[in-house]
Amino acid sequence: MTQASDPNQDALTESCEQTHEELLRFRAAIDMSGDAVYLVDRATMRFVDVNQTACARVGYTRNELLNMGPQDLLTASREEIERVYDEVIAAGEKGVTTESPARYKDGRRSVAELHRRAMRSGEGWIIVSIARDITERKRAEQALRESEERFRGLTRLSSDWYSEQDAELRFSRFEGRHAARPGESPARMFFGMRPWEIGHAAESEGGWEAFRALQEARRPFRDFVTSRALPDGTRFYSSVSGEPMFDGDGRFTGYRSVGRDITERRRAEARIEYLATHDGLTGLPNRMMFSQTLNLAIESARRYARKFALLFIDLDRFKIINDTLGHAAGDALLKQMSARLRQSLRASDVVARLGGDEFVVLVQEVNETGEIALVARKILSGIIEPVLLAGQECRVTGSVGIAMYPADAEDEQSLMTNADIAMYLAKEEGKNNFQFYSSDIKTRSLDHIALETNLRRALERGELYLHYQAKLDFGSGAISGVEALLRWQNPELGQVPPAQFIPIAEETGLIVPIGKWVLHSACTQNMAWQREGLRPVCMAVNLSPRQFADPDLLANIAAVLSQTGMAPQWLELEITEGMVMYNTDRAIQLLRAIKQMGVRLAIDDFGTGYSSLAQLKRFPIDTLKVDRSFIRELPGDSEDKAITEAIIAMGRSLSLTIVAEGVETREQETFLRQHACDQMQGYYFSRPIAPEQFADLLGAHSLP
Ligand code: C2E
Ligand code: MG
Ligand code: MG
């Protein structure tokens, strides 16, 4: 540095000339400073001196710098810098601190914190700048700002929230949307409060007490659930997880936690719980829930030596309704029935649906069986009230079985079984009634189970066969037709009467394959007689409700006719009033289709159902079979006489063939003949008999 002629240099030297030594020391100190020092002549805007730190930092040599001005290092323009310098001059002793971006020789950018002061120098000013490189600090600050912004974004965008508690466990910070309601500010609401002071309920085990103990022990926690009531009566649930914070010296400084709104999840869980314990259709408790309730009832009844009753309820004609009116009607019926059951019981009694058309009722605290009989009667009369299904008024009945605790059984399983057994007895007793369990019905009901198991195998084991009962025509005196009647001979059970096994076959649906077999066998037999040279007769085959509802029925009939080669006019299908009563439109359609095939149709057991003459007119029927119950007391009973006469007259007016069923006596025969009945069937003329016997009978009665 040998620019002795530099006036600035001279000025500096002059101002310090008293002690050259002092100056050298000062110079050394300045050079050693960690901050860069620049001296700028305000007038020329050039550096008049710089220290070594400045050279090292910006990458220029001292000589280079002395040919430069601040505008060559800073990114600001000369005018801007001049403006700042004037402020510095105006500020006097306190100087001015600014932050300014700078550019180094190698092109690196940096940020300098500049503290400037002005010093008089003759007429002009020297600006002394002490510069500190704050690039790193700025970068760290920026990074912090960005991470803070990211964090805020995260809490803003997620459904979670973040909170902090101070060392006293008071809330000190909230970020994110905590509130269940818009406009609520948790920061404002809870600031300075401890979690257990904000009035929320603790849902997790141990409650607030456990939570507080945990925080006081500085332990982390996970999924602590709290709730609070909302104005609409529902609850808002949140789940919070947190961990303690410690400073560099290991001192506890508070908690940081994240919370989450789990109201929806809770709702879903509650719904799942409800679905698992309730019947979806009726909303009644289901089997699982009832089992819990029953066990509780047993426990408390045992403890307090109380009695209670268990009622099993089964709708009698549910399957027919479901099959003929469709599932929607079946569902509607079940809903109505469950509502009626609820209505006919006290609030303390429990009704549940076990599945299908099976309901169960728990009647608590009963003293005597008389009370229960009253309840059962109430239930039955509730069920039998008419219901409107698919636009039609229907009546269903129910069968009720009752088991008492502790008299009939003391545990869940036995109580349920015994009530079920009693219910079966009620069915056997003609339905629409209730039965109490007793140990001797148990044996009877075991029979029922045995029947069902054996019946399942009866067809394949060839235990089923047919008997044939003739119909005699009053006019010609000849056999006009024959009815196929199903028989079951089981090696263990012996001869089982149709009245016992047909309802079971119907209930279980076994009647469909069995009925198909009957139809085929009967037609085959009829053709066999014809081939033997016997006069052709009409073969009547009984159809069950299930078969009538079977969508394959028409196809089955057609298949049997073509397989056996029997002309359709020799087949007559017997149906009952109940089968056509519900889904009348479908019934009419089906009956017409059958008629179109050339097959005849008969109404069996006429008079026992609810059908009226007006209804009957709509069905394409050929034959009316008057139920045996009207014939039995003939001709003694005047009411039965009147009814039978009326049925015959009505049938004639509709051009139907009238057949009297169950004719057992000569008197009955005479009465019927006199009243212009067309045909008769009954023990008086012939019992149901084996096919060979019938062939003989037919042979004997063929000739007029
Ligand atoms: P149903 O169709 O009304 O048949 C007449 C029933 O009355 C037969 O009983 C017959 O044996 C009985 N019977 C006939 N004449 C007299 C009489 O003079 N006095 C008395 N007391 N009874 C008489 P069975 O064979 O026990 O059949 C009972 C019911 O079972 C039948 O009533 C019918 O509804 C049903 N059934 C029988 N075979 C079949 C079948 O193959 N399929 C279907 N679905 N049901 C059948
Ligand atoms: Mg019949
Ligand atoms: Mg009959």
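Given the structure is predicted, the values throughout are model-derived calculations rather than measurements. One-based numbering, in listed order, for ligands and for the atoms of each.
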Going by the order shown, which atoms of ligand 1 are within less than 4.0 Å of some heavy atom of G662? 15 (N), 16 (C), 17 (C), 18 (O)
Heavy-atom proximity to atom 33 (C) of ligand 1, best of N542, L486, L464: N542
Considering distance alone, does some N or O of Y684 sit under 3.5 Å from an N or O of ligand 1? no
Could you list which atoms of ligand 1 come closer than 4.0 Å to a heavy atom of P688? 11 (O)
Assess R287 against F290: is NZ or CZ under 6.0 Å from the centre of the six-membered ring, and within 45 degrees of the ring's axis? no
So which of the N, O or S atoms of D604 lies nearest the Mg ion (ligand 2)? OD2
The one among M680, R628, Q500, Q469 that brings a heavy atom closest to atom 14 (C) of ligand 1: Q469
Tell me which N, O or S atom of E483 sits nearest to the Mg ion (ligand 2). OE2
Ligand 1 versus E483: contacting region, heavy-atom distance under 4.0 Å: side chain
Kindly list each side-chain donor-acceptor pair under 3.5 angstrom involving residues 507-520, sequence neighbours excluded, with atom names and distances?
residue, atom, partner, partner atom, Å
T508, OG1, I504, O, 2.7
T508, OG1, A505, O, 3.3
T508, OG1, L510, N, 3.4
H520, NE2, Q563, OE1, 3.2

Restricting to N/O/S, name the atom of E574 that gets closest to the Mg ion (ligand 2). OE1
Any carboxylate oxygen within less than 4.0 angstrom of a Lys/Arg side-chain nitrogen, looking at K427 and D314? yes
Ligand 1 versus H467, non-hydrogen atoms closer than 4.0 Å: side chain, backbone, both, neither? neither
Check whether more than 12 heavy atoms from other residues, nucleotides or ligands sit under 6.0 Å from atom CZ of R652, and answer yes or no. no
Any N/O of Q681 closer than 3.5 Å to an N/O of ligand 1? no
Considering only heavy atoms, does R487 approach ligand 1 within less than 4.0 Å through its side chain, its backbone, both, or neither? side chain
Salt bridge between D316 and K431, side-chain N to carboxylate O under 4.0 Å? no
Okay, side chain of T397, backbone of I384: is any donor-acceptor separation there less than 3.5 Å? no
Just by distance, do the side chain of R632 and the backbone of G662 share a donor-acceptor pair under 3.5 Å? no
For D604, the ligand 1 atoms whose distance to one of its heavy atoms is below 4.0 Å: 1 (P), 2 (O), 3 (O)
Please work out whether any backbone atom (N, CA, C, O) or any side-chain heavy atom from C-beta onward of L485 is under 4.0 Å from ligand 1, and answer side chain, backbone, both or neither. both
Within a distance under 4.0 Å of any heavy atom of E664, pick out the atoms of ligand 1 and give their elements. 17 (C), 18 (O), 19 (N), 20 (C), 21 (N)
Between W529 and Y468, how do the two ring planes meet: parallel, tilted or perpendicular, split at 30° and 60°? perpendicular
